[in-house]
Amino acid sequence: MSLRSLDLSALELLVGVDDYGSLSAAARHLRMAQPNASRSVARLERQLGVPLLARTTAGSKLTAQGTMIVHWARQIVSDAENLLRVADGLQSSRVAELTVAASLTVAEHLMPRWLGEFRSEHPDVTIHLQVHNSAEVFTRLQAGECDIGFVEAPTVSKPLHSTTVARDELVVVVSPDHRLARRRRPVDAAELAATPLLVREPGSGTRTTLDVALKPYRRADPLLELGSSAAIRTAVESGMGPAVLSSLAVADQIAAGSLRLITVDGLDLHRSLRAVWRPPRHLTGMAGDLVRLARRDGAVHGDTR
């Protein structure tokens with residue numbers, strides 16, 4: 001299979017199945033006819049040589065292989081959307097631009113609201129959003145490739161400056177049929193450390209926060225490393241194992257009952273979500289406006305924990 005034969009619409013459908021729960025729902029969201037959607041995904045399965053969907057009378061769900069592939073599909077689709085936004089910005093006669101780099105959790109759960117409000121206040125500004133893990137946000141800021149960053153990491157690289165814009169909590173989640181979901185007593189920190197977990201990749205703010213919190217304990221090797229909370233969430237729901245994720249990333253699934261929250265004694269997994277920028281310390285202009293908006297939004301909505 002070559003890059004030229006890769007069908008972006010099939011990748012969009014795969015991401016849609018992950019987001020909306022079925023191929024039919026994904027097709028509706030993309031305004032694609034159901035037969036065309038089925039043919040598109042079937043062609044992608046033949047090209048990749050792996051089954052991506054389990055087709056039943058109740059609908060189509062991701063297979064275990066599909067759960068792994070959808071992480072990369074999501075990144076490709078996101079990069080393609082960013083490419084189109086950049087191209088649109090290049091065509092525009094507007095000269096005011098703001099490039100924002102955000103870690104995955106912030107980008108997925110908070111940035112849409114922040115940027116929506118920012119655009120209502122600055123309709124003539126072209127916004128470019130880059131989505132990376134926290135370590136990559138630091139790298140891009142220091143290289144001058146973005147104007148402002150938002151991260152989940154517990155520490156900020158020098159000489160960058162930062163301010164807290166929101167607060168979050170990591171939580172332990174399992175599928176409803178996992179053995180931990182049937183326990184009556186809480187898990188303690190040492191037991192969690194000794195449990196193989198589905199985790200984010202090194203450099204992720206979620207991974208770094210967990211590693212710092214469990215540093216005093218003997219750790220089990222990760223069950224699996226994945227590059228997004230969405231991929232890990234899907235893997236947990238499919239029964240692959242437990243994970244520690246942002247409460248923002250699993251609130252809907254916990255409310256719906258597809259994930260169970262596990263109490264952990266003796267472990268503080270609260271964290272600050274920060275805006276970061278290059279010197280000087282005083283942040284001005286459009287980047288400063290976005291940070292003030294984010295902090296105001298945090299004050300209105302309260303801590304995310």
Side-chain angles (χ1 to χ4, degrees), residues 100-111 114 130-143 146 148-173 187-195 197-222 225-230 232-233 242-251 261-279 281 283 290-291 294-295 297-299 301-305:
V100 181
S103 58
L104 291 169
T105 298
V106 176
E108 182 177 359
H109 300 284
L110 297 174
M111 195 57 66
W114 296 347
Q130 304 174 355
V131 182
H132 310 285
N133 65 30
S134 293
E136 183 65 17
V137 171
F138 293 144
T139 298
R140 298 210 169 216
L141 264 175
Q142 291 172 333
C146 56
I148 187 72
F150 293 88
V151 297
E152 312 150 39
T155 58
V156 173
S157 306
K158 292 182 178 181
L160 299 176
H161 300 297
S162 71
T163 186
T164 297
V165 294
R167 300 189 187 278
D168 183 27
E169 181 183 8
L170 300 184
V171 293
V172 180
V173 290
V187 175
D188 62 32
E191 184 177 359
L192 179 66
T195 301
L197 300 171
L198 294 154
V199 295
R200 286 285 306 279
E201 79 287 358
S204 150
T206 296
R207 174 70 175 272
T208 302
T209 300
L210 177 64
D211 288 347
V212 170
L214 294 180
K215 188 175 181 179
Y217 306 96
R218 185 178 180 86
R219 297 286 300 278
D221 291 334
E225 290 183 353
L226 292 171
S228 75
S229 296
I232 293 177
R233 187 178 62 221
V244 179
L245 292 171
S246 166
S247 59
L248 291 166
V250 295
L261 186 66
I262 303 301
T263 303
V264 181
D265 282 344
L267 193 65
D268 184 7
L269 292 175
H270 292 96
R271 62 180 180 174
S272 296
L273 307 180
R274 296 181 173 90
V276 289
W277 64 92
R278 295 183 299 277
R281 177 176 294 277
L283 190 61
L290 178 58
V291 171
R295 294 183 68 179
D297 180 80
H301 290 86
D303 287 355
T304 59
R305 60 179 179 236

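In this structure, Val171 and Val244 have side chains that are not in contact, with every pair of non-hydrogen atoms separated by 4.5 Å or more. Counting only heavy atoms from C-beta outward, the side chains of His109 and Ser229 never approach each other to under 4.5 Å. Within the 4.5 Å cutoff, side-chain heavy atoms of Arg295 are placed close to those of Thr163. Here the side chains of Leu273 and Leu110 are in contact, with some heavy-atom distance below 4.5 Å. Residues Val187 and Thr263 fail the side-chain proximity criterion, which asks for heavy atoms closer than 4.5 Å. You'll find the side chain of Val172 reaches within 4.5 Å of the side chain of Leu192, heavy atoms only. Contact of the Asp211 side chain with the Arg219 side chain is registered, since non-hydrogen atoms from C-beta on lie closer than 4.5 Å. The shortest distance between side-chain heavy atoms of Ile148 and Leu141 does not fall below 4.5 Å.
Rounded to the nearest 0.5 Å, atoms CG (Leu197) and CG (Leu210) are 6.5 Å apart. Of the inter-residue distances, the one linking Ser134 atom OG with Arg200 atom CZ reads 8.0 Å to the nearest 0.5 angstrom.
Scored by the salt bridge (charged side-chain N to carboxylate O under 4.0 Å, His left out) test, Arg140 finds Glu136, Glu145 as partners (sequence neighbours excluded). For the salt bridge (charged side-chain N to carboxylate O under 4.0 Å, His left out) test, residues two or more places apart in sequence or in another chain that qualify with Glu225 are Arg207.
Remark: side-chain polar atoms of Arg278 are not paired, donor with acceptor, to backbone N or O of Leu160 under 3.5 angstrom. A donor-acceptor pair under 3.5 Å is formed between the side chain of Ser247 and the backbone N or O of Glu169. Without hydrogens or angle criteria, Ser246 side chain to Leu248 main chain gives a donor-acceptor distance under 3.5 Å. Formation of a donor-acceptor pair under 3.5 Å by the Thr208 side chain with backbone atoms of Ser204 is found in this model.
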Checklist entry - side chain to side chain contact (heavy atoms under 4.5 Å, CB included) between Ile262 and Val173: does it pass, once the steps are laid out? => result CA-CA 6 Å; Ile262 303 301; Val173 290; over 6 Å; no
Checklist entry - Taking it one step at a time, do Arg274 and Val156 satisfy side chain to side chain contact (heavy atoms under 4.5 Å, CB included)? => result CA-CA 9 Å; Arg274 296 181 173 90; Val156 173; 3.7 Å; yes
Item to check | Glu201/Asn133 under side chain to side chain contact (heavy atoms under 4.5 Å, CB included): CA gap, chis, key distance, verdict | outcome: CA-CA 9 Å; Glu201 79 287 358; Asn133 65 30; 2.9 Å; yes
Which donor-acceptor pairs under 3.5 Å do the side chains of residues 100-108 make with protein atoms, sequence neighbours left out?
from   : atom 1 : to     : atom 2 : distance (Å)
Ser103 : OG     : Phe150 : O      : 3.4
Ser103 : OG     : Glu152 : OE2    : 2.6
Thr105 : OG1    : Glu152 : OE1    : 3.4

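Smallest separation of non-hydrogen atoms from Asp268 and His270: OD1-ND1, 2.8 Å. Contact record, Ala189 with Leu214: O-CD2, 3.9 Å, taken as the closest heavy-atom pair. Closest approach of Tyr217 and Ala193 over heavy atoms only: CB-CB, 3.5 Å. Residues Arg233 and Ala249 approach most closely at NH1-O, 2.8 Å, considering heavy atoms.
Using modelled atom types and a 3.5 Å distance limit, the side chains of Arg271 and Thr206 yield a donor-acceptor pair.
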